[in-house]
Amino acid sequence: MIRVEDLHRHFGGFRAVDGASLSIETGSITGLIGPNGAGKSTLFNVVAGVLPPTSGRVFMDDEEITGLPPHELFHRGLLRTFQLAHEFASMTVRENLMMVPGQQTGETIWSTWLRRGQIEREELELRKKADEVLEFLTIRHLAHERAGNLSGGQKKLLELGRTMMVDAKVVFLDEVGAGVNRTLLGTIGDAIVRLNKERGYTFCVIEHDMDFIAKLCDPVIVMAEGKVLATGASDEIMQNEAVIEAYLGTGLKNQVKAGTG
Amino acid sequence: MDILNAVVAVLNFVVIPATAYGAQLALGALGVTLIYGILRFSNFAHGDTMAFGTAATILATWGLQALGVSLGPLPTALLALPVGIAVTALVVLATDRAVYRFYRVQKAVPIIFVMASVGVMFLMNGFTRLLIGVDEHRFADGARFIINVRDFRDMTGLSEGLAFKTTQGLSILMAIIVVWILFWFLNRTRSGKAMRAFSDNEDLALLSGIDPEKVVRMTWIIAAGLATIAGTLYGLDKAFKPFNYFQILLPIFAAAIVGGLGNPVGAIAGGFLVAFSEIAITYPWRKIAGYLFPDWQPDGLLQLLGTEYKFAVSFVILIVVLLFRPTGLFRGKSV
Amino acid sequence: MNYLSATDMRGGYGKADILHGCTLNVEKGQIAVIVGPNGAGKSTAMKAVFGMLPLREGQVTLDGQDITTLSPQERVRKGMGFVPQVNNVFPSMSVEENLEMGAFIRNDDIAATMDQVFDLFPVLKDKRRQAAGELSGGQRQQVAVGRALMTRPQLLMLDEPTAGVSPIVMDELFDRIIEIARTGISILMVEQNARQALGIADIGYVLVQGQNRYTDTGQALLADPEVRRTFLGG
Amino acid sequence: MSTNRQAAAASRWRIPVLFAILAVLFILEGTVRNGMFSGSWNTSLAILNMGLISAITALGVNMQWGYAGLFNVGVVGFFALGGLAPVLISTAPVEGAWQAGGPRMLIALATAVGTLALASLLWRHMPRGKLRGLALTVLLIAGFVLYRGLFDPAVTAIESNNPARHGNIGGLGLPVLLSWLAGGIFAAAAAWAVGKVALGLRSDYLAIATLGIGEIIIAVLKNEDWLARGVKNITAIPRPVPFEIQLQRNPEFMEFANSWGMAASTASGIWVKLCYMLLFLVVLLLLILLAELALKSPWGRMMRAIRDNETAAEAMGKDVTARHLQVFILGSAVIGIAGAMMITLDGLMAPVGYNPLRYTFLIWVMVIVGGSGNNWGAALGGVLIWFLWIKAEVWGPELIAFLTAPLPASSFKSGLLEGAAHMRFIAMGLVLLLVLRFAPRGLVPER
Amino acid sequence: EEIKLGTSLGFTGPLESMAPDMQKGAELAVKEISDSGKFLDGSTVSLVQGDSTCADAAAATATVERLITAEGVKGIIGGMCSGEAIASLENVAVPNGIVMISPSATSPALSTIEDNGLFFRTSPSDARQGEVMADIIMEKGIENVAVTYTNNDYGKGLAESFEAAFTEKGGTITTNSAHEDGKADYSAEVAALSAAGGDALVVAGYVDQGGSGVVRAALDTGAFDTFVFPDGMVGQALVDNFGEEIEGSFGQNPAAEGEGRDIYVKMAEEAGYDGTGAFSAESYDAAALILLGMAAAGSSDPAEYKEKIMDIANEPGEKILPGELGKALDILSEGGDIDYVGATSVEFVEPGESAGIYREVSFTGGEMEVVGYR
Ligand SMILES: Nc1ncnc2c1ncn2[C@@H]1O[C@H](COP(=O)(O)OP(=O)(O)OP(=O)(O)O)[C@@H](O)[C@H]1O
Ligand SMILES: Nc1ncnc2c1ncn2[C@@H]1O[C@H](COP(=O)(O)OP(=O)(O)OP(=O)(O)O)[C@@H](O)[C@H]1O
Ligand SMILES: CC(C)C[C@H](N)C(=O)O
Ligand SMILES: [Mg+2]
Ligand SMILES: [Mg+2]
């Protein structure tokens, strides 16, 4: 689905992404992990067209998409969420969702004057869909709230909700879990699996919660210092010495304690 | 000899005036950029603050002159400057208390501050005129020139003259001193750092124990100082006329923005960029060509564009700069 | 006697209340952890404790002193430190300056504390001259915590300090928090990483819709199947 | 939630109430005569007409700022460009001007446009590198020389055609109402060019770019005499309504005026102004209708999303650049229409009058005071602020006379009274600050 | 009866410092007539002030609209600047049939405007001044000048008429370029002018605007030391600003020979303002002409008194100087004829504008000296 070839992205002299090559198979839920500052978000931003690469190429279904603007990638079915939530603050939660689908009739200005009926009908559809998504994310009661007033976690949910409004091919999730309640995160995980199974979405997930990664992702790609450090099934990765040293650490003691406690 | 003449002509008509004007713009732009950087809005009242500050300084100067005080070759206004700054600072602080604080508490969006500053601009504009009238005032006393054209010609025997006015020298010198102090203050002192922190993240500054009102007060006082100094230097060099201080707002904003809003180095670079592009681009090279190639007698003035387009030219340059550096020469902020 | 005691807090952003009589207590040297679903009012409660939200009812005392009416910066001077959930760094200032700002109210030598912070978060030492706004999400989080530590507070309040930090750093952070608590500093933190957090907590609060739902020791909460299922993700 | 509904209910009445208050102001101005109001319908309607034009301008700015967050501080430029339309479209052709240099001028302009188009093609299709830069420079220089070679003689020819009276290329003699549309198109075309170049800039940086472009447009209007006589002004621009003098000579109208018990001049003045008012109202309401339809639909939602967060909107598949360009062009077109309308109303094109304080900042004040993002708000702000701006001329001195009344006669007092004209600014400033104080999000907030 | 006149002058805007002295001039004439008690059976006259802003045609139109339709003035002294004057004349004064006498709008366009005989001006069209200035310069033996003008219809019109006249007489204009008023800095303009060269610099600008700025910068850089000043520049302010620095410069402004002006200046001094201010005397005359016209027609109806204005301004009749308005009223009420001379030696030519007598001045020893009239 997505192939990244020898990608570089430098900031001044600093090499945030330093020759990363990886591929995300169609239909997979690929995990992307790595220490803070490994270049994961930067990689995402390059793939999603937010940042131009310093060098290297990105392919989607064997078509080169390097440097395409984000809105074009969206129409090709590539969606992403942001690590720091990017909600439309002055709009209501529901509007945040309703604005997502492309090719809405009412988005061309002429039709807003000439094709009112059609727009009405589409809007009804959209509203229904948005409410379903809100229901799922347990924030239906906030439909009329300004998105800027949401709590940190709720904003992350909204981020995720937007990707559920359209039929995507591949979805990049940048730490959807950070700040989200673990019970809800479980539900989100289930939803990801369902979207993957039922609708055939491909996912690429950045996450620091190893439980979540382990439950969901296969394969898992580990990045460190801008390069790919290892790739493999999650249990393999968890045992990988280099990964443990760079990322997981040996001190899983808290987690163990909690797990048995 | 002719080469020297050419050099002197360029110095006299381009370099010196542009440098002095650039210094005046830079000082004005520093005030704008400071307010933008810390209080996060474009202060349209800055031009009229400059006018007010200058008016206050002029009144004080007259007072001093009436007492027979003088600074010898330097303008008496320099002595009056602290008075002007103090008065302006008080007025500006009162304005903040009466106008801007309300919106700060409300956490209003920047455009509301901008509009409020337009209101303040109208008020200041009116008050300055009530205070000192609409007429032009010259208040530069002391020696007018460091070197004047005639002396220079006599001294060097060149046919081109060179003039360097006391006020031009003062403008440049003051700009350097003020900028140096400001930098030292912002980057080295606790208060300065607190101001920068506040400008970055107001809430977090609060959590770090910084008193926001103190920061705001400090900012206004410095801005008032910068405005008064810039206005007075400009008034000394040209003449004081309240109407002109609204007009000068335009190049000042251009300077602050092209340099990168919120960035003091940018404000200075911007000031000089604007001044030089205004003056240098429309300079006709015929005279210079005449010195350098005495056989060549061009018909036209060898001018890229007429002076009526000097603003256009300098704005085109600004736009081009911004196209390559979208947040200004020195990476400014944008709200 | 509780070091911090916030009792029966009521308040919100607009007309509607978010907090409906929420109570939080922390003793000297203890770690208190707040968990709860998204939007429960955890961050709001933290802000209320820190005086960033007007309270309609309730009282906050620190070390027996009533501080309900103090402004946030006065509370800082009383020895409280806070890391908010979002917007918790000075983006255009360098990492080092961010830390310096944390020590704004201190008049003594801060070099030693800064070294401690760099020991805790070694990346920051490499990036000390870089603007905090250019850091990765997790690095920013580390700067944020570091900034609060620079205050050397008596009460440290952390709103989801581990959101987005990698496991290795998270473990470090938790270890360090325990250490800090041992020196007699009280910790009040919100965590979604509830299992690790409750694991080190002396006392845990489960907040739902602005009210205390469960209050117990961390271990006891972890052991409660109902709590685990509904709030801690099984 | 309940508070939301209350707010919604309050705002439903807000707009009609505010407009009613505004109407009362104008009625008072038309009927009551005292220190505050003039009691003349002619004055009242004259203010209203210019107010309607301001409202349309404010509507245009509101589209750019309120919908999309584009900070256009070059309003005066687009407004002036619109004003060019009545001159070029509706004034009578100038004898001899076209023969003197018309075709040459067109060829010159075509050369310039062609060069730029070629340059942009070159830039896009040649590989990066020194060669591209070199080719581009050569092309631009050659194009410029060619253009000046064609342009300068054409200008000289046109400008020397009876310079005291004309010296300009003249108009097409078409109906003046058509020129309103043309004004919109002129401004839109300029906005397209400007937008292509500058819309990549953010907030205040865009502001300075547009400010500059506004200044450039004005400079061109002032200095290119062949276009519209530059600072020498064009007068006697055709009107879409009858002349007062004509009416005064028309016996039927005189009878009609008499039946209302009005003097001929008063009645004819009112009549003409009412005609203008109707025309302006039609345009304004039509524009508001279109704008409201667009705003209250997915298009408007998309615009708000873009304004709130460009990065996210882009990631959600919205072509931010294209949308910005679109709304920039639309807004500018509306400003241009207003510009053409004003020149028609004035019957005079005087580029010296286009100063940014009046045509950019005052318009901004209107938008913000009215309530940015809200079409009705912008229109309301436009009419209201214009009313105050004009009345401040009278109210300012009244205010100072009132304030100084208790003072004993002294040079200080007479100094103050002398400066009374400047109270116009003080009064304006006070009004602005008061409105912002009591309605910080504008009189009619966005939602 | 209480008769009202209006002034429409730029109290705010780019010429705000010129307007007050003009207003005072008009006030002086109004007061003189009103206090005489001999005007239209003891009618009193009052003056309503209006702000034309000089630059904003829309605001000026609104102001005049108010003056006419709300205040009910019977005549207007104004507008001040040509553009704004034309707008308010065409849009308000003509439709309402009100007489406008402008003291200062000098654009040639106003000579040919369709005004139904309602518009007059006490200053001459700039078309004439160009010629006069060219003569003066030629007579000084200067054949090479640079010209800078303020970029409006006045400046440009004057510069063009001067260029035509001067080249006709065999002179050379090295450059004829504009400067914008109210700009922060004029170095660029002066650099260009200096590069073009010339034996003198003609400054067709305003003394309290860009004109002074250009002169200042030209003096400072030594670009020019001889200047030629037309009407917008000639004034006490020039002497105050530059004193001996402009030694040897010269100029002209519309003002006629005779005691009229001196009397007016003295009267102004007594009234506590500067009567030498630009167009102040013209304003006095404008107001006086309107009122004397009314007296001659025996009516304050503009449609009637507009016919009388040419008569009273020109011969035959007894010459009337400033301060003699009472006497004029006496003569008129006896059915006699007057020839109003006033402060500026008013002599109207068709279509109702000052014929244009100019006074030539030169600057020596820091003083302005009148050297002749032409
Ligand atoms: N605009 C920038 N300028 C300079 N350096 C940058 C910039 N953006 C990112 N970096 C640097 O690039 C590196 C990679 O950042 P990135 O955000 O990709 O990390 P990440 O893998 O997503 O980490 P995290 O898990 O903490 O989110 C970091 O060290 C960061 O400091
Ligand atoms: N600035 C605000 N204005 C209005 N309502 C707000 C604001 N901030 C938060 N809220 C509302 O208050 C409620 C509680 O928010 P809070 O941020 O305290 O939740 P939280 O428990 O911290 O959640 P999370 O775990 O997601 O961070 C939420 O429903 C949210 O919508
Ligand atoms: C006040 C005057 C100097 C005006 C000038 N004569 C003009 O016609 O615009
Ligand atoms: Mg990241
Ligand atoms: Mg929270």
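A note on names: the letters A, B, ... follow the listed sequences, proteins ahead of strands, and every chain is numbered from 1. Atom set for the values below is all heavy atoms of this structure, side chains included, hydrogens, waters and symmetry mates excluded.
- Contact check for A:M99 versus D:P298: no side-chain heavy atoms found under the 4.5 Å cut-off.
- When heavy atoms are compared at a cutoff of 4.5 Å, A:L126 approaches chain D solely by way of its side chain, counted from C-beta outward.
- Note on A:Q104, A:E120, A:M98: by heavy-atom pairs under 4.5 Å with chain D, the leading option is A:M98.
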In sequence, state the C-alpha distance, the side-chain angles, and the governing distance for D:V320 and A:H71, and then conclude on side chain to side chain contact (heavy atoms under 4.5 Å, CB included). CA-CA 8 Å; D:V320 173; A:H71 65 93; over 6 Å; no
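- Considering all non-hydrogen atoms of both residues, D:R307 and A:S90 come closest at NH2-OG, 3.6 Å.
- Atom CG of D:N309 and atom NE2 of A:H86 lie 5.0 Å apart (nearest 0.5 Å).
- Look at D:R301 and A:E107 and you find no salt bridge, because none of the NZ, NE, NH1 or NH2 atoms lies under 4.0 Å from a carboxylate O.
- With a 6.0 Å radius and a threshold of 12 heavy atoms from other residues, nucleotides or ligands, A:Q118 has its CD atom above the threshold.
- Atoms CD and CE, on A:E95 and D:M302 in that order, are 13.5 Å from each other to the nearest 0.5 Å.
- Side-chain contact between A:R116 and D:S297: present, with at least one pair of heavy atoms (C-beta onward) separated by less than 4.5 Å.
- The CH2 atom of D:W299 lies 4.0 Å from the CD1 atom of A:I109; values are rounded to the nearest 0.5 Å.
- A:I119 touches chain D through its side chain: at least one heavy atom from C-beta onward sits under 4.5 Å away, while N, CA, C and O do not.
- Contacts between D:L330 and chain A at a heavy-atom distance below 4.5 Å involve the side chain alone, from C-beta outward.
- Contact detail for A:F74 and D:A315: the closest heavy-atom pair is CD1-O, 3.3 Å.
- Taking OG1 of A:T112 as the reference point, atom NZ of D:K296 lies at 12.5 Å (rounded to 0.5 Å).
- Looking at A:F82 and D:T311, their side chains come closer than 4.5 Å, going by heavy atoms from C-beta outward.
- Per-residue heavy-atom pair counts under 4.5 Å with chain D were compared for A:R162, A:E122, A:Q103, and the maximum is reached by A:R162.
- There is no contact between A:M165 and chain D, counting heavy-atom distances below 4.5 Å.
- Within the 4.5 angstrom heavy-atom criterion, only backbone atoms of A:E87 (N, CA, C, O) approach chain D.
- Atom CD of D:E314 is separated from atom CG of A:L73 by 9.0 Å, given to the nearest 0.5 angstrom.
- Between chain D and the options A:E123, A:R80, A:E159, the largest number of non-hydrogen pairs under 4.5 Å is found for A:E123.
- Heavy atoms only, all atoms of each residue included: A:F88 and D:A305 are closest at CD2-O, 3.2 Å.
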